[in-house]
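Please read the structure below before turning to the comments.
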Protein chains: 2
Amino acid sequence: MTTAVTLDRTVHLLHEETSRCATPATRRCATCRVSTLCLPGGLSEDDLQPLDSLLLTTRRVAAGQSIFAEGDPFRFIYAVRSGTCKTAMLRSDGREQVTGFHMAGEVMGLEGLAHGTHRLTATALEDGEVCLIPYERLVAATVATPGAKDLVRHLMGQEMERDHSIMVVLGLTDAGDRLAAFLLNLSERHASRGYSPREFHLRMSRGDIASFLGVKLETISRTFSSFQKRGFLEVSGRHLRITDLEGLKSAYGLRLR
Amino acid sequence: MTTAVTLDRTVHLLHEETSRCATPATRRCATCRVSTLCLPGGLSEDDLQPLDSLLLTTRRVAAGQSIFAEGDPFRFIYAVRSGTCKTAMLRSDGREQVTGFHMAGEVMGLEGLAHGTHRLTATALEDGEVCLIPYERLVAATVATPGAKDLVRHLMGQEMERDHSIMVVLGLTDAGDRLAAFLLNLSERHASRGYSPREFHLRMSRGDIASFLGVKLETISRTFSSFQKRGFLEVSGRHLRITDLEGLKSAYGLRLR
DNA sequence: CGAGGCATTGATCTCAGTCAACCAGCGTGG
DNA sequence: CCACGCTGGTTGACTGAGATCAATGCCTCG
């Protein structure tokens with residue numbers, strides 16, 4: 001049932017992409033609130049100009065809508081402008097494996113690079129806006145401008161670094177450790193966006209977190225309760241308040257087993 | 001004790017790198033046995049020529065030797081020419097987290113891209129040879145030649161795709177599923193190199209596998225025994241023979257929970 | 001108002017982590 | 001040359017964590 005709906009939306013979206021002229025929301029990076037997150041540091045106004053020639057378009061996405069899907073041709077990379085997204089892969093057993101959560105200023109879709117088609121499906125977790133960066137045009141721009149070259153390098157480097165730090169989390173054998181590491185990571189990312197590192201909304205379901213961390217849904221729920229009982233945090237549905245950040249850190253980080 | 005030795009070797013290696021002229025083993029990709037694995041398909045002889053201008057050097061590495069280490073400046077990417085390597089990251093609790101195993105024709109070191117320093121340590125698991133590709137010179141070559149551009153794209157794309165498929169494995173909650181997926185992946189990689197997909201040597205220790213898969217060493221050992229008891233494979237130390245590839249696949253893949 | 005999705009919680013059982021013993025292979029040094 | 005210790009691997013016994021199955025509550029949406 002849900003998959004049918006998602007599929008439907010995807011088809012709709014693909015159509016929307018081809019007739020993209022209907023939404024002529026061409027934007028300039030210079031005016032973007034989260035450009036400091038997308039772009040490498042130290043870019044001057046001059047460096048930004050060639051990027052504007054890429055004619056970046058933005059697209060509004062509703063919660064649940066897919067942004068690109070497994071198998072779609074790789075044409076764009078997608079920067080989250082506002083909102084939160086998840087990326088997932090269909091496992092051979094038919095269930096979906098969540099591979100990441102993406103906040104404003106983070107980029108998705110680079111995994112399509114090698115095969116020319118996307119290997120992941122990206123879905124919006126809340127209403128938001130994504131920025132479509134035409135990959136070929138971006139690469140073409142690198143020839144002329146060092147700024148664009150830095151951008152490509154920055155984006156790919158970040159992606160690979162992110163992937164490896166995820167592997168470190170998934171290398172932990174304890175569910176509590178994994179959830180703590182996950183929450184601390186979310187906390188940091190909120191902080192670097194100017195939001196409170198101690199209080200925020202979880203945009204993803206327990207099931208999504210469970211899939212991402214390689215444990216079962218119920219375990220996530222129980223571990224939240226356990227953290228709450230131990231006084232590390234207060235959780236009510238998807239609202240989270242970390243009351244003892246240090247405690248949470250030491251519960252995970254300082255474990256010297 | 002062992003770390004001291006490793007450290008010693010690293011220092012030695014760094015010194016070797018600076019006075020690299022001592023090993024003037026400049027190589028051409030065209031003569032490389034595994035070039036079809038490193039390089040994107042459809043490259044002509046003409047495409048290879050500019051790559052040769054990169055003056056690729058090779059370095060012999062002994063088992064246990066480190067190739068690059070966390071914190072080293074990012075200057076090269078490293079293609080495995082022969083042998084097998086592992087990459088690992090130091091976790092905050094002091095233990096090492098293995099992030100990957102790399103066979104001939106696979107590339108390591110791209111994670112250093114964003115920060116300009118390597119975030120992982122690469123270690124040879126057996127005697128072998130790695131190919132040093134000077135990154136800046138490679139990028140410079142992309143301006144002139146489309147072949148080099150394809151190469152960069154190919155290498156990065158592969159890396160990101162690999163990372164995501166690892167995440168899918170780590171998303172499995174069952175230790176048996178994870179090990180089966182891991183072995184099947186090794187099997188495929190052997191097959192694509194012309195070796196038997198059913199019989200090969202594991203180059204890494206049980207501890208390395210455990211770290212990589214996010215389970216404990218003893219669990220790996222037990223799961224091997226269990227697989228053997230169930231007739232999927234025969235294992236003796238690091239020698240592995242898969243006697244029932246289909247059984248192993250279905251034990252992992254066709255699980256329709 | 002009812003249905004369905006999401007989350008929590010309980011009971012139970014299995015699996016994997018823990019601690020420890022043991023073995024095989026190997027290099028070292030007496 | 002053999003004894004020794006070290007490393008890496010296997011196995012056993014036990015325990016605790018997490019998966020499984022199931023019931024219930026909450027909230028939203030139609």
Side-chain angles (χ1 to χ4, degrees), chain A residues 1-6 62-64 86 93 95-96 98 123 125-127 170-180 201-211 213-230 233-240 251-252 255-257, chain B residues 1-6 62-64 86 93 95-96 98 125-126 170-180 201-211 213-230 233-240 251-252 255-257:
Chain A
M1 196 54 147
T2 49
T3 52
V5 170
T6 313
K86 71 170 175 182
D93 63 3
R95 301 197 31 72
E96 81 162 21
V98 174
T123 312
L125 292 172
E126 55 180 332
D127 294 357
L170 296 177
L172 299 165
T173 56
D174 190 283
D177 290 354
R178 285 192 201 176
L179 183 58
H201 260 85
L202 299 165
R203 310 296 179 172
M204 66 295 288
S205 72
R206 302 289 192 265
D208 285 338
I209 300 176
S211 168
L213 293 181
V215 295
K216 293 294 169 190
L217 185 156
E218 295 93 327
T219 303
I220 295 295
S221 195
R222 279 183 229 279
T223 309
F224 266 127
S225 303
S226 146
F227 280 173
Q228 181 157 305
K229 223 164 285 169
R230 288 199 268 164
L233 48 80
E234 289 163 20
V235 60
S236 157
R238 298 195 181 179
H239 187 78
L240 186 73
Y252 151 63
R255 188 86 52 91
L256 289 177
R257 280 185 187 157
Chain B
M1 194 58 149
T2 50
T3 52
V5 170
T6 313
K86 72 170 176 182
D93 63 2
R95 300 197 32 73
E96 82 161 22
V98 174
L125 292 171
E126 56 179 332
L170 296 178
L172 298 165
T173 57
D174 190 282
D177 289 354
R178 287 193 200 176
L179 183 58
H201 259 85
L202 300 165
R203 310 295 178 172
M204 67 295 289
S205 72
R206 302 289 192 265
D208 285 338
I209 300 175
S211 168
L213 294 181
V215 294
K216 294 294 170 189
L217 184 157
E218 296 93 327
T219 303
I220 295 296
S221 196
R222 277 183 231 281
T223 309
F224 267 127
S225 302
S226 146
F227 280 173
Q228 181 157 305
K229 222 164 285 168
R230 287 199 268 165
L233 48 80
E234 289 164 20
V235 60
S236 157
R238 298 197 180 179
H239 187 78
L240 186 74
Y252 151 62
R255 188 86 53 93
L256 289 177
R257 281 184 189 157

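Letters go in sequence order (proteins before strands), and every chain restarts at 1. What you see below is based on every heavy atom in this structure, not just the backbone, and it leaves out hydrogens, waters and symmetry mates. Every value quoted in this text rests on a predicted model; they were computed, and no experiment measured them.
Qualifying salt bridge (charged side-chain N to carboxylate O under 4.0 Å, His left out) partners for B:Arg203, counting only residues two or more places apart in sequence or in other chains: B:Glu126. When the salt bridge (charged side-chain N to carboxylate O under 4.0 Å, His left out) test is applied to B:Arg206, no partner is found at least two apart in sequence or on another chain. Partners of A:Ser221 according to the side chain to side chain contact (heavy atoms under 4.5 Å, CB included) rule, which considers only residues two or more places apart in sequence or in another chain, do not exist here. By the salt bridge (charged side-chain N to carboxylate O under 4.0 Å, His left out) test, A:Glu234 is found to be paired with A:Arg241, residues two or more places apart in sequence or in another chain being considered.
Rounding to the nearest 0.5 Å places CD1 of B:Ile209 at 11.5 Å from NZ of B:Lys86.
Distance CG (B:Leu179) to C1' (C:dG17): 16 Å, rounded to an integer number of Å. As a whole-Å value, the separation of B:Phe224 CZ from D:dT10 P is 8 Å. Protein atom NZ of A:Lys216 is 20 Å distant from nucleotide atom P of C:dT9, rounded to whole Å. As rounded to whole Å, 14 Å separates atom C1' of C:dA24 from atom CZ of B:Arg238. If you take CG of A:Asp208 and C1' of C:dG5, they are 13 Å apart, rounded to a whole angstrom. Between B:Glu234 atom CD and D:dT10 atom P there is a gap of 14 Å when expressed in whole angstrom units. Regarding B:Leu240, its CG atom lies at a distance of 13 Å from the P atom of D:dG9, rounded to whole Å. Taking atom CG on B:Asp174 and atom P on D:dA17, their separation rounds to 19 Å, with Å as the unit.
Between A:Gln228 and A:Leu240 the shortest side-chain heavy-atom distance does not fall below 4.5 Å. Taking 4.5 Å as the limit, some side-chain heavy atom of B:Phe224 sits within range of a side-chain heavy atom of B:Leu202.
Rounded to 10 degrees, the angle separating the terminal axes of the helix from C:dC1-D:dG30 to C:dG30-D:dC1 is 30°, with each axis obtained from five end pairs.
Among the nucleotides D:dT10, C:dT8, D:dG18, the one closest to any side-chain atom of A:Leu217 is C:dT8. With distances taken from any side-chain atom of A:Arg206 to the nucleotides C:dA7, D:dG9, D:dA19, the minimum falls on C:dA7. For B:Thr219, taking side-chain heavy atoms from C-beta onward, the closest of the listed nucleotides D:dA19, C:dG17, D:dG18 is C:dG17. Listed candidates were C:dA7, D:dG9, C:dA16. Nearest to the side chain of B:Ser205 is D:dG9. Of the listed nucleotides (C:dG17, D:dG9, D:dG18), C:dG17 has the atom at the smallest distance from the side chain of A:Thr173.
For B:Ser225 and D:dT11, the shortest distance from a side-chain N or O to OP1 or OP2 is below 4.0 Å.
When all heavy atoms of B:Met204 and B:Leu125 are compared, the pair lying nearest together is CB-CD1, 3.9 Å.
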Footprint string (nucleotides 22-30 of chain D, 5' to 3'): B base within contact, S backbone only, - free, heavy atoms under 4.0 Å: ---------
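At least one donor-acceptor pair under 3.5 Å links the side chain of A:Thr223 to the backbone N or O of A:Thr219.
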